[in-house]
Amino acid sequence: TGVLGPRAALAQAMTIRQGYQTNIWGMPTYYLLRSGHLEKRRIKFEEFAVPSGNLTMQQMVARQVDLGTYAGQSFVTGHDKGGLVAIAQIEKVGKTARVMARKELNIAKVEQLRGLRIGNQVGSSTGNTFVDIIAPRAGLKKEDYQEVKMNVNEMVAAAAAKSIDAFVSVDPYCSIAEAEGIATTVVSLYEYDPMPVFMAATPEFIEKNPGTVVEYLKAWLDVGRDFKQNPGKVGEVIYTFFTSKGYKMNRETFGKAMANVEVDVGFPGDLRPYLQQIAEGLFKEKKIGAIPDWKKALRPEFMEKARG
C-alpha cells in the first residue's frame, strides 16, 4: 500500500453514528449533517436526535452512538461513566440557557422561586447548573422548591398550562416563551457559566478511526466558517428544522435565539481549569467516582492535525 495506505482506506466511505440534541445547542451539528461538508470528505452518517445532550451522552456510554455534543457537566459525567473523550469545543451557549418564570408571577430574583414548581431536565448540564450552583447561591436548598422532571422541549407548554411556575430551559424555547408572553427571564446561565459545548467521542471510535476523526474535524472547521461567513444560509437550514417540528416562531424570535449561540470551532488551551472546577463539584455531589485524568479526557491532537 505504501503512500496510498490511508487514502485507500478513506476511499471507502466511513459511517459515523452522530448524536445531537434538538434544542439550539445541537443545531451546529444538525447543520453539519445538512451542509454536505461530511460527504465532501467521504464520511457517511446515521443521526440520533434527542431532546437534551445528557441523553446523547448516555447513548455514547452505552456505545450506541460514536459522537455527540454536550456541555461540561455531561462531558465530565460521560468520561467518568464511559471513558468518553473531548475532541473539540464547538460553541459557547451560556447566553442561550435561562431560568424563566411565568410572566404573571413577576419574579425578578432566583430567591423568589422558593416554594414554587420548577420544570427541570434532571441530569442535564443546565439542570445541574441550576441545582448545584444557581439555587444554592440564592440560598435555595433542594427542599425549598419542587423540582418537576421534564424535557426542555415540554416546558413552555407546561408553563402556559400553569402546571409549573418556573423552568430551566434553553433556546429556542426561552425566546419562544418570551415572545409569546408566557414567561420572563429570571437569570441567564451565562452569568454563572459561559457553557462551552464539546464534541465528544467514544475512546474506541478515535482508536480505530484516527484518520476519520481528523477529516471529520476538517468538516467542522468548514461549518465554523459557514457560521461566520454565511449566517443567512446556516440560519435558513436551522429555522426550517424548528418550523418543521411545529414550533411557531417568527424569524425575529429565531434570530434572537441564534444570536445567543457563539460558534467557534477549535480546542482552547484553557479548558482544564474550567473542567476541573466542574469535576470537583460533581465529585463532591457524588455524581462521579473520581476526578478525570485530563490527559485521557481531552484529546486536542486531532484538532491540531485538522487545522494542519
Exercise. Do Thr96 and Trp25 have side-chain N/O donor and acceptor atoms under 3.5 Å apart?
Worked result: yes
For this session: Taking atom types as modelled, find out whether Gln73 and Thr129 have a side-chain donor-acceptor pair closer than 3.5 angstrom.
Result: yes
Problem set entry | Residues Arg41 and Asp222 bridged, charged N to O under 4.0 Å | yes
Problem set entry | Candidate list Ile118, Leu105, Ile134, test side chain to side chain contact (heavy atoms under 4.5 Å, CB included), partner Leu113, passing option | Ile118
For this session: Kindly indicate whether the side chain of Leu275, heavy atoms from C-beta on, has any atom under 4.5 Å from the side chain of Phe198.
Result: yes
Problem set entry | Non-hydrogen atoms of Val263 and Gly224 that approach each other most closely | CG1-CA, 4.5 Å
Exercise. Within a reach of under 6.0 Å around NZ of Lys92, are more than 12 heavy atoms found that belong to other residues, nucleotides or ligands?
Worked result: no
Exercise. Do you see a donor-acceptor pair shorter than 3.5 Å between the side chains of Gln18 and Tyr216?
Worked result: yes
Problem set entry | For Asn120 against Gly127, the heavy-atom pair lying closest together | OD1-CA, 3.2 Å
Seminar exercise, completed: When rounded to the nearest 0.5 Å, the distance separating CG of Leu84 from NZ of Lys81 is 11.0 Å
For this session: With sequence neighbours excluded, tell me which residues meet ring pair (Phe, Tyr, Trp, His ring centres under 6.0 Å) with Phe167.
Result: none
Residues 45-54, side-chain donor-acceptor partners within the protein, below 3.5 Å, at least two apart:
residue	atom	partner	partner atom	Å
Glu47	OE1	Tyr20	OH	3.1
Glu47	OE1	Arg34	NH2	3.0
Glu47	OE2	Arg34	NH1	3.2
Glu47	OE2	Arg34	NH2	3.0
Ser52	OG	Asn54	OD1	2.5

For this session: Indicate, with yes or no, if Val76 and Leu55 share a hydrophobic cluster defined by side-chain heavy-atom contacts under 4.5 Å among Ile, Leu, Val, Met, Phe, Trp and Tyr.
Result: no
Problem set entry | Rounded distance [0.5 Å steps], CG in Asn153 versus CE in Met150 | 10.5 Å
Could you list the donor-acceptor pairs under 3.5 angstrom formed between side-chain atoms of residues 234-241 and any protein atom two or more places apart in sequence or on another chain?
residue	atom	partner	partner atom	Å
Glu236	OE1	Arg251	NH1	3.0
Tyr239	OH	Met249	O	2.8
Thr240	OG1	Glu236	O	2.6

For this session: Return the minimal non-hydrogen interatomic distance between Pro28 and Val223, and the atom names on each side.
Result: O-CG1, 4.2 Å
Exercise. Short question: side chain of Asp80, backbone of Gly289 - any donor-acceptor pair under 3.5 Å?
Worked result: yes
Exercise. What residues form a salt bridge (Lys or Arg N to Asp or Glu O under 4.0 Å) with Lys162, not counting sequence neighbours?
Worked result: Glu104
Problem set entry | Residue pairs, two or more places apart or on separate chains, that pass salt bridge (Lys or Arg N to Asp or Glu O under 4.0 Å) and touch residues 145-160 | Lys142-Glu147
Problem set entry | Residues, nucleotides or ligands: over 12 heavy atoms within 6.0 Å of Lys208 NZ | no
Problem set entry | Euclidean distance, Ser188 OG relative to Met195 CE, rounded to 0.5 Å | 9.5 Å
For this session: Give a yes-or-no answer on whether the side chains of Thr126 and Gln121 include a donor-acceptor pair shorter than 3.5 Å.
Result: no
Exercise. Leu140 versus Val110: any side-chain heavy-atom pair under 4.5 Å?
Worked result: yes
Problem set entry | Hphob cluster co-occupancy, Val99 + Val122, side-chain heavy atoms under 4.5 angstrom | no
For this session: Measure the spacing between CD of Gln59 and CE of Met57 and express it to the nearest 0.5 Å.
Result: 11.0 Å
For this session: Answer yes when Lys95 and Asp171 have at least one side-chain N-carboxylate O distance shorter than 4.0 Å, and no when they do not.
Result: no
Seminar exercise, completed: Contacts of Tyr247 meeting ring pair (Phe, Tyr, Trp, His ring centres under 6.0 Å) (sequence neighbours excluded), chain-then-number -> Tyr173
Problem set entry | Short side-chain to backbone donor-acceptor contact, Gln64 and Met60, under 3.5 Å | no
Exercise. From Ser175 OG over to Met100 CE, what is the distance, rounded to the nearest 0.5 angstrom?
Worked result: 7.5 Å
Extract all donor-acceptor atom pairs below 3.5 Å that involve side chains of residues 300-308 and protein atoms in other chains or at least two apart in sequence.
residue	atom	partner	partner atom	Å
Glu301	OE2	Arg299	NE	2.7
Glu301	OE2	Arg299	NH2	2.8
Arg307	NH2	Val265	O	3.1

For this session: Could you tell me whether the side chain of His37 and the main chain of Leu32 form a donor-acceptor pair under 3.5 Å?
Result: no
Problem set entry | Single-linkage hydrophobic cluster, 4.5 Å side-chain cutoff, Val187 and Tyr190 together | no
Problem set entry | Thr212 backbone acceptor or donor facing Asn209 side chain under 3.5 Å | no
Problem set entry | Within 6.0 angstrom of Lys103 NZ, more than 12 heavy atoms from elsewhere | no
Exercise. Applying salt bridge (Lys or Arg N to Asp or Glu O under 4.0 Å), which residue pairs with at least one partner in residues 282-296 are found, sequence neighbours left out?
Worked result: Asp132-Lys287
For this session: Starting from the C-alpha separation in whole Å, work towards a yes-or-no answer on side chain to side chain contact (heavy atoms under 4.5 Å, CB included) for Lys44 and Leu38.
Result: CA-CA 7 Å; Lys44 289 182 180 160; Leu38 287 173; over 6 Å; no
Problem set entry | Positive for side chain to side chain contact (heavy atoms under 4.5 Å, CB included) with Phe75, one of Leu298, Val197, Ile278 | Leu298
For this session: Output yes when a side-chain donor or acceptor of Ser125 lies under 3.5 Å from a complementary backbone atom of Ser74, and no otherwise.
Result: yes
Problem set entry | Test side-chain contact (heavy atoms from CB on, under 4.5 Å) applied to Pro268 - qualifying residues, sequence neighbours left out | Gln89, Asp270, Leu271
Seminar exercise, completed: Heavy-atom nearest pair, Ile164 first then Ala159, reads CG1-N, 3.7 Å
Exercise. Is any NZ, NE, NH1 or NH2 atom of the basic residue among Glu178 and Arg98 found under 4.0 Å from an Asp or Glu carboxylate oxygen of the other?
Worked result: yes
Problem set entry | For Val261 against Glu91, the heavy-atom pair lying closest together | CG1-OE1, 3.2 Å
Exercise. So Phe130 and Tyr145, would you call those rings parallel, tilted or perpendicular, with 30° and 60° as cut-offs?
Worked result: perpendicular
For this session: Mind jotting down which residue pairs meet the salt bridge (Lys or Arg N to Asp or Glu O under 4.0 Å) criterion with at least one end in residues 107-118? Sequence neighbours excluded, please.
Result: Arg114-Asp144, Arg117-Asp165
Problem set entry | Least distance between heavy atoms, Gly123 atom then Asn128 atom | O-ND2, 3.8 Å
For this session: May I ask whether Ile288 and Val131 are part of the same hydrophobic cluster, defined by side-chain heavy atoms of I, L, V, M, F, W, Y residues being less than 4.5 angstrom apart, directly or through others?
Result: yes
Problem set entry | Listed once per pair and sorted, the salt bridge (Lys or Arg N to Asp or Glu O under 4.0 Å) pairs that draw on residues 187-205, sequence neighbours left out | Arg63-Glu204
Exercise. Does CD in Gln277 sit with more than 12 non-hydrogen atoms of other residues, nucleotides or ligands closer than 6.0 Å?
Worked result: no
Exercise. Once you round to the nearest 0.5 Å, how far does CD1 of Ile87 lie from CH2 of Trp220?
Worked result: 10.0 Å
For this session: Just do the side-chain hydrogen bond (donor to acceptor under 3.5 Å, both in side chains) check on Thr69 and Gln21 with the steps written out, would you?
Result: CA-CA 8 Å; Thr69 49; Gln21 57 276 69; 2.9 Å; yes
Problem set entry | Which residues share a ring pair (Phe, Tyr, Trp, His ring centres under 6.0 Å) with Phe205, sequence neighbours left out | none
